[in-house]
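This chain uses plain numbering: 1 for the first residue, then up along the sequence. Every number for a ligand or one of its atoms is a count from 1 in the order of the listing.
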Amino acid sequence: MGSLPDAPIVHSIPVESSGRHRKPNHLNLRTSLSSASNGSVPRVRSDSRRMGSEGKTAPPPKVVCGDAGYVLEDVPHLADYLPDPPTYPNPLQNNPAYSVVKQYFVNADDTVAQKIVVHKDSPRGTHFRRAGPRQRVYFESDEVHACIVTCGGLCPGLNTVIREIVCGLYDMYGVRKIIGIDGGYKGFYSCNTVDLTPKSVNDIHKRGGTILGTSRGGHDTSKIVDSIEDRGVNQVYIIGGDGTQKGASVIFEEIQRRGLKVAVAGIPKTIDNDIVVIDKSFGFDTAVEEAQRAINAAHVEAESVENGIGVVKLMGRNSGFIAMYATLASRDVDCCLIPESPFHLEGKGGLLAFIERRLKENGHMVIVVAEGAGQELITESMRSMEHQDASGNKLLLDVGLWLSHNIKDHFARNQKMTINLKYIDPTYMIRAVPSNASDNVYCTLLAHSALHGTMAGYTGFTVGPVNGRHAYIPFHRITEKQNKVVITDRMWARLLSSTNQPSFINQKDIEDAKKEDEPPTQLLDEENSHGVGIHLDTSAN
Ligand code: F6P
């Protein structure tokens, strides 16, 4: 965290306590945080202004500092820029389904710690506002006109999130006007919309893909916000990856600039699990599970012939989480290659020597390769491509084909042994399946967190579990960098010990890891960026 600026901007935070709404003001901020910080007055800090993606100045992040190194990275609220917006009792209080719940609402002051492994003298560190229903809401049920859009690549669970936003708004908040935007961001200004009701979305979670359609790119802020205004939409739910969430952030900024009463919520989506801060992304569990089928097939093929090699390519453009977890889950994999661990083919300690050795030992083997692995090797050998897709992602060369070709070529040239290689590319088949049971429940919680947040007037936020607790996270926190497998963490060591493959780790990685082991004197700004939280704890034994 940077140091406090000379003249900090104080941002108001609407706080409800004991069932009464208080007007957002500086005093409330003190009151709300002082209980959590031994009565001393928290400082509110504004980091230097960032530029929005279209060159306009983005509003400063809402950062609140408390005692003992407590930092709340808060999310915007409609009351930050609308004068005295009216509030209403939360209709959930009258919902029979929730009548036995001991506590309807989360405590307005609850925050979720980003760092849960601490030492005696550790600062308390970064926190996010806890997600969940509030006592007072900023929208009347019949006033709400919600819209949902899905952007970017497919991912298991998209339909479940759509379904649960619709049913949640309908059943918990009595909302009746919900539309779906057709075909991603560009659908706001170039396509039709579709009315969404609990009936129309009833079975969609059993289907892969997204009933709304999707696309990459197409983000035109003015046209999108014009369309939101023209249609009278006042809650916008945007499901998509980091590029999409950046777009959502810019939409929110434009809405705020125009002074509109429109809440914007993002639901982060990436099958690659490469979003930072949150424990994991929806669809990831399903992808790991579905990948087992391809790995099993590769194993059966390889096992059935002499010197059989099964190569399976899995998704993972910049992060190898699917490959790593699929490998660890399967135990049939002899070698896992991911973007974070550069490898080499030739020479001592190279992949080809390892393949030869493993074939001699076992007579067959399985290699799992993430699509982003070895790109520097391929580019070197092919001297090509700096092209990007409509989301700005670098277009990758097919590492599976390249690897298979090089392995075949090596054994053909050396004539030491005849191999039998089968290459399986299940990437799009994995992405297109419906979400599994655990992802379905997870998607429900994401959808509910999002709609409780917008109903409570929060805006410009994304949702996700942080150490198992759902939180409202400012957009910039999840888009500033990507989550990567840390090859000096214990999880990668577990994988290496399971496959017995060469580590390909160089001396510099080891030295850097040793430096990181020195006990920290203060919390790192990037806490949690190395692991993926409680569900995917990379360091627990
Ligand atoms: O970003 C998620 C992802 O699934 C990547 O792993 C993959 O490279 C990409 O999407 C492919 O998507 P598409 O072919 O639709 O551009």
Side-chain angles (χ1 to χ4, degrees), residues 149-159 161 183-187 208-210 212-219 238-248 266-276 278 280-291 294 312-327 336-341 368-376 378-379 385-403 424-435 439 443 462 464 478-479 481-485 532:
V149 64
T150 51
C151 308
L154 293 184
C155 180
L158 281 165
N159 279 335
V161 177
Y185 275 137
K186 66 174 190 298
T210 157
L212 299 178
T214 185
S215 64
R216 292 193 183 277
H219 189 279
I238 301 175
I239 312 168
D242 55 352
T244 304
Q245 301 295 315
K246 276 183 199 150
I267 294 103
K269 173 236 62 170
T270 153
I271 199 170
D272 295 349
N273 194 40
D274 58 4
I275 292 185
V276 282
I278 64 171
K280 67 175 166 182
S281 46
F282 73 82
F284 173 71
D285 270 0
T286 306
V288 170
E289 198 170 302
E290 193 63 18
V312 179
K313 184 176 80 169
L314 297 176
M315 278 189 172
R317 194 192 292 275
N318 301 306
S319 307
F321 286 106
I322 300 180
M324 174 167 83
Y325 276 80
T327 296
C336 173
L337 303 170
I338 58 170
E340 295 89 336
S341 177
V368 163
V369 58
E371 64 182 331
Q375 288 297 312
E376 57 300 325
I378 314 177
T379 325
M385 323 262 289
E386 267 304 321
H387 301 311
Q388 295 185 334
D389 69 12
S391 303
N393 302 309
K394 193 178 156 198
L395 281 176
L396 301 180
L397 296 157
D398 192 323
V399 64
L401 281 176
W402 175 85
L403 192 62
I424 300 178
D425 177 353
T427 45
Y428 291 103
M429 295 181 74
I430 288 173
R431 207 170 75 161
V433 300
S435 43
D439 268 325
C443 289
T462 198
I478 65 147
T479 55
K481 62 180 187 172
Q482 285 184 319
N483 196 24
K484 305 252 186 200
V485 171
V532 269

For atom 10 (O) of ligand 1, tell me which residue out of M315, K269, R431 has the closest non-hydrogen atom. R431

Minimum non-hydrogen distance to atom 1 (O) of ligand 1, winning option of D272, N318, T270: D272

Ion pair present between D274 and R317, side-chain N to carboxylate O less than 4.0 angstrom? no

Between [X] and [Y], is any pair of side-chain heavy atoms under 4.5 Å apart?
X: D242; Y: I478; answer: no
X: V433; Y: P156; answer: yes
X: T270; Y: C155; answer: no

[X] neighbourhood, listing ligand 1 atoms whose heavy-atom distance to it stays under 4.0 Å:
X: G316; result: 6 (O)
X: I271; result: 4 (O)
X: E371; result: 5 (C), 6 (O), 7 (C), 8 (O)

Backbone or side-chain N or O of Y428 under 3.5 Å from ligand 1 N or O: yes

Contact between ligand 1 and G241 is defined here as a heavy atom of the residue under 4.0 Å from a ligand atom; is it met? no

I338 and A370: which non-hydrogen atoms are nearest, and at how many Å? CA-CB, 4.2 Å

Ignoring hydrogens and angles, state whether a donor on the side chain of T286 or D439 is under 3.5 Å from an acceptor on the partner side chain. yes

